[in-house]
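So the structure is just underneath, and the comments pick up after that.
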Amino acid sequence: MSGLVDVSELMTDPEFAREFTRRRPTGTFAADGSFSSTYDEAIMMGVVQPANSDDMKTLPEGTRIDNVRVFWVADSEGAAAVRIGDGKTFEADVLVLGPELFRVIRAEPRREDGGYFRVWAEGFVT
Amino acid sequence: MTTDDLNLAVRNLVRTVMGMADGSVRPTNQVAPAGAQTLEIATVQIITAAELGWANEGQIDNSDGSSTATVDALEEVVASIQFFRSPNPDPVGLAKFSTAAVDRARALCRRLQLPSAVAAMNAAGLGLLRMSQVRDLTAIADSTWESRASVDLTFDVSTLESEAVQTILTGEIDLTFQPPGNAAAITRTFQVTT
């Protein structure tokens, strides 16, 4: 049953949300078994926050909390919004926020309140 | 051969010998999705490389008169081959417990001794020395059985290294003669070519 308030509207509201780029990895295996990655890019809107101590309880052991961002992204942003790799058929999305790059390490769907994702992504250096 | 070249040669060998699908024999440790639970794959990793004895030294005389020094080194390289999974799901699609990967690794050891495999190794510059015991590494992965097995193959590999030798191709020699008496010295210059 849907919630009474569609919270997902906040995630595309310019007063709360900001723009970032989602890079979704795709790729193919050559006959010799080597994998070539390519990335499909999509501009998205979402609310971005630094991770807090509650988030730390849900993150893998040893993750540096100051390097993790929480993205709130509405389903309406399309194509399963943001996703973590399943280790079998696809790899995790990379989110580009200004000059910084973040790899999605956890995504929690919230279908009940209008349809959005709460996503944790860890920064990395290229 | 670089490690990547070796890995590629062994991957192509395993794929050909085992009749596996294109793209199903892969290098280890690449960022890539592994595929569905019932998709059979194998991985190859070069885990050790050791020089055998002292390299055979040689020299190549080039047509322009220069020389190239060479060492033809013999290496013993161990490639670890891992087989994963079995194309045998239960009625809802979950992978069942299976010894398929072990059987694939055992079959590889036998099939490498077929004439076509020996020809493929000769063409790739690989000399098969030893095959290890096949290890059954079947384990629970993602809450279901994943059939896994490993075998190490030891190959002889010849690798040629070379460098240019410092060579004098041409030079000038000045000779100064002092005639008797107070006559002026005479200088002659000669071009010498090796």
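The shown structure was predicted, so the numbers you read here are calculated from the model rather than taken from an experiment. Sequence lines set the chain letters: A, B, ... in the order given, protein chains first and strands last, and positions in each chain run from 1.
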Transitive ILVMFWY cluster of A:F29 at side-chain heavy atoms under 4.5 Å: who else is in it? A:F35

Can you tell me if B:E163 has over 12 outside heavy atoms packed within less than 6.0 Å of its CD? no

Within a 6.0 Å radius of atom CD on B:Q133, are there more than 12 heavy atoms belonging to other residues, nucleotides or ligands? no

Flag side-chain contact, heavy atom, 4.5 Å: A:E91 against B:P33: yes

Would the number of heavy atoms belonging to other residues, nucleotides or ligands and lying under 6.0 Å from CD1 of B:I168 be above 12? no

Count the heavy atoms belonging to other residues, nucleotides or ligands that lie under 6.0 Å from CZ of A:R106, then report whether that count exceeds 12. yes

Contact part of A:S34 toward chain B, heavy-atom cut-off under 4.5 Å: side chain, backbone, both or neither? both

Would you give the length of the straight line joining atom CG of B:N7 to atom CG of A:D32, rounded to the nearest 0.5 angstrom? 9.0 Å

What about B:I46 and B:L112, same hydrophobic cluster or not, with Ile/Leu/Val/Met/Phe/Trp/Tyr joined at side-chain heavy-atom distances under 4.5 Å? yes

Transitively linked via ILVMFWY side-chain contacts under 4.5 Å: B:F97 with B:I140? yes

Can you pull out the residues in residues 16-32 of chain B with any heavy atom less than 4.5 Å from chain A? B:D22, B:G23, B:V25, B:R26, B:P27, B:Q30, B:V31, B:A32

